[in-house]
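Read through the structure below, which is laid out as structure tokens, and then see the notes.
Order of appearance sets the numbers: ligands from 1, and atoms from 1 within every ligand.
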Amino acid sequence: MPHRSLHAGAVLLLLILKEQPSSPAPLNGFNWTYSGPDGEKSWPKNYPSCGGLMQSPIDLHGDILQYNASLVPLEFQGYNVSANEQFTLINDGHSVKLELPAGLHIQGLPSRYSAKQLHLHWGNQNDPHGSEHIVGGKHFAAELHIVHYNSDLYPSDIIASNKSGGLAVLAVLIEMGSFNPSYDKIFSHLQHVKYKDQKVHIPGFSIEELLPERPAEYYRYHGSLTTPPCHPTVIWTVFRNTVQVSRQQLLALETALYFTRENDPAPREMVNNFRGVQKFDERRVYISFQQEQDLTYAGLSLGIVLSGALAGVLGVCVILAVSIWLVRRKKSKKGGDNKGVIYKPAFKKETEAHA
Ligand SMILES: *[C@@H]1O[C@H](CO)[C@@H](O)[C@H](O)[C@H]1NC(C)=O
Ligand SMILES: *[C@@H]1O[C@H](CO)[C@@H](O)[C@H](O)[C@H]1NC(C)=O
Ligand SMILES: *[C@@H]1O[C@H](CO)[C@@H](O)[C@H](O)[C@H]1NC(C)=O
Ligand SMILES: *[C@@H]1O[C@H](CO)[C@@H](O)[C@H](O)[C@H]1NC(C)=O
């Protein structure tokens with residue numbers, strides 16, 4: 001009897017193992033999340049690049065920034081999509097994603113980069129600080145990524161995604177502030193994509209409206225996708241200036257969506273879908289703009305130089321004074337021979353104090 005059930009168990013196990021490949025596995029092969037056991041610390045187990053070099057996002061801070069005059073303004077061609085065309089808005093289980101039609105591309109990088117999709121990263125209503133890139137340690141409320149691939153060299157974003165320089169992402173830092181009618185062209189449809197794999201068609205609009213003022217001012221560095229498989233193939237352009245969305249708009253983003261499918265018995269709210277900042281190692285961030293801060297730095301360094309000089313002068317004075325005093329004392333000592341009498345008690349006192 002026990003033998004037979006063991007046998008049946010083995011057969012069942014074999015059947016299960018055999019069935020496994022045909023079960024609907026996610027496209028990436030593995031599930032990954034932003035929290036819990038499949039959170040970002042576990043990503044490298046299934047996606048080795050996530051634990052590798054050149055990872056994103058990063059903290060854009062003073063020490064690593066370098067002005068580079070060759071960073072020209074980018075041009076955003078075909079971004080003004082007519083309302084007669086349609087975009088597809090999708091909840092992909094990690095973010096809300098807008099698929100972009102062929103024809104949008106960036107001019108100004110060594111190759112032409114064609115847009116594929118845009119998506120957002122955000123925090124939660126109690127801690128609305130969900131940008132991926134941070135600036136001088138400061139988080140912003142949310143972040144928009146417009147993902148492009150090198151369409152001169154590769155036929156698709158999938159093929160380009162693991163090639164050096166295969167991808168170019170534009171990143172917009174989003175702050176809480178005034179109502180933003182352009183972002184509302186996305187946010188007003190969130191209720192239709194609450195759950196994973198839900199889609200809705202929305203009217204076209206100008207994607208350029210989603211960019212901040214003076215887009216010629218940006219940070220540029222080489223990094224990675226901020227989600228698995230974390231390929232280190234992304235030319236990042238993080239705009240220096242932020243855009244604002246209202247408190248209500250941000251709240252809509254933070255509360256409308258779920259990571260899970262509609263009938264999932266354990267629904268998970270789509271919040272805090274941002275990756276933590278990564279080590280920066282030997283890399284450099286080029287900036288296309290001269291920082292006003294440079295003036296402060298210049299002022300500061302002038303101050304340091306001046307106080308250094310002052311300290312030097314004071315030091316010389318002290319040394320001179322001491323030398324003069326020593327010389328004078330030596331002269332006076334030659335007059336009276338009373339060394340031992342003066343020093344012995346003083347020395348004794350000091351040893352007592354330290355005991
Ligand atoms: C991923 O999650 C789905 C449901 O959430 C599950 O059916 C599937 O087995 C998981 N896949 C892996 C590889 O863990
Ligand atoms: C400026 O950036 C270009 C690439 O955009 C790079 O080739 C060059 O080395 C950089 N210049 C300096 C001084 O770092
Ligand atoms: C986009 O195109 C429409 C119609 O051609 C025009 O009215 C609008 O001003 C354009 N928007 C931008 C941002 O260029
Ligand atoms: C990119 O991915 C493809 C398919 O997974 C693989 O065959 C190829 O070797 C990869 N290329 C690089 C440069 O990693």
Side-chain angles (χ1 to χ4, degrees), residues 25-30 44 46-55 60 62-87 100-101 103-113 115 118 144 146 149-150 153-170 172 180-186 202-225 227-240 243 280 282-291 294:
L27 201 64
N28 282 336
F30 296 95
N46 296 321
Y47 307 97
S49 292
C50 297
L53 298 173
M54 285 178 63
Q55 292 298 290
L60 303 161
D63 300 352
I64 59 170
L65 305 181
Q66 186 176 318
Y67 171 68
N68 186 324
S70 72
L71 297 181
V72 298
L74 299 177
E75 286 171 43
F76 311 101
Q77 297 186 339
Y79 272 47
N80 190 359
V81 178
S82 146
N84 299 328
E85 282 193 61
Q86 287 197 320
F87 292 140
L100 299 171
L104 285 73
H105 63 268
I106 305 173
Q107 199 79 39
L109 291 168
S111 295
R112 172 182 286 205
Y113 284 82
L118 62 78
L144 173 80
I146 312 179
Y149 68 97
N150 187 330
L153 295 181
Y154 308 108
S156 76
D157 62 311
I158 311 265
I159 290 168
S161 71
N162 68 345
K163 310 296 188 300
S164 174
L167 302 174
V169 181
L170 306 179
V172 181
N180 190 315
S182 302
Y183 277 75
D184 223 49
K185 291 171 186 175
I186 300 172
I202 69 171
F205 62 92
S206 176
I207 297 300
E208 198 164 355
E209 291 173 11
L210 302 174
L211 305 184
E213 280 176 24
R214 301 193 303 283
E217 298 174 7
Y218 58 81
Y219 304 89
R220 164 68 47 75
Y221 77 100
H222 291 260
S224 75
L225 293 171
T227 56
C230 308
H231 292 312
T233 55
V234 178
I235 300 173
W236 279 96
T237 302
V238 182
F239 295 110
R240 178 198 196 183
V243 301
F280 200 59
E282 310 278 278
R283 285 179 285 171
R284 234 168 223 296
V285 175
Y286 295 115
I287 51 178
S288 70
F289 53 90
Q290 310 260 24
Q291 282 185 305
D294 283 352

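- For E213, the CD atom sits in a loose shell: 12 or fewer heavy atoms of surrounding residues, nucleotides or ligands are nearer than 6.0 Å.
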Extract all N/O-N/O pairs under 3.5 Å that connect ligand 3 to the protein, and present each with both atom names and the distance rounded to 0.1 Å.
unit_1, atom_1, unit_2, atom_2, d
ligand 3, 2 (O), N80, OD1, 3.4
ligand 3, 2 (O), N80, ND2, 2.3
ligand 3, 11 (N), N80, ND2, 2.9
ligand 3, 14 (O), N80, ND2, 3.3

- Message: I'd like to know whether F289 forms a ring-ring contact (aromatic ring centres under 6.0 Å, His included) with Y218, so could you lay out the CA-CA distance, the side-chain angles of the two residues, the decisive distance to 0.1 Å, and finally the verdict.
- Response: CA-CA 7 Å; F289 53 90; Y218 58 81; 8.2 Å; no
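- A centroid separation of 6.0 Å or more is found between the aromatic rings of Y286 and Y67.
- Residues forming a side chain to side chain donor-acceptor pair (under 3.5 Å) with S164 (at least two apart in sequence, or on another chain): none.
- Sequence neighbours left out, the pairs with a member in residues 214-224 that pass salt bridge (Lys or Arg N to Asp or Glu O under 4.0 Å) are R214-E217, E217-R240.
- A side-chain contact (heavy atoms from CB on, under 4.5 Å) with Y219 is found for exactly one of L65, L71, I64, namely L65.
- Close N/O approach between N162 and ligand 4 is found [any backbone or side-chain N/O within under 3.5 Å].
- Under a 4.0 Å criterion applied to the non-hydrogen atoms of Y286, ligand 2 contributes the atoms 14 (O).
- Within the structure, the closest approach of R284 to ligand 2 does not fall below 4.0 Å when heavy atoms are considered.
- Heavy-atom contacts from other residues, nucleotides or ligands closer than 6.0 Å to CG of L153 number more than 12.
- Each of the atoms 1 (C), 2 (O), 3 (C), 5 (O) of ligand 2 lies under 4.0 Å from some heavy atom of S70.
- Not counting sequence neighbours, the partners of E75 by the side chain to side chain donor-acceptor pair (under 3.5 Å) test are Q77.
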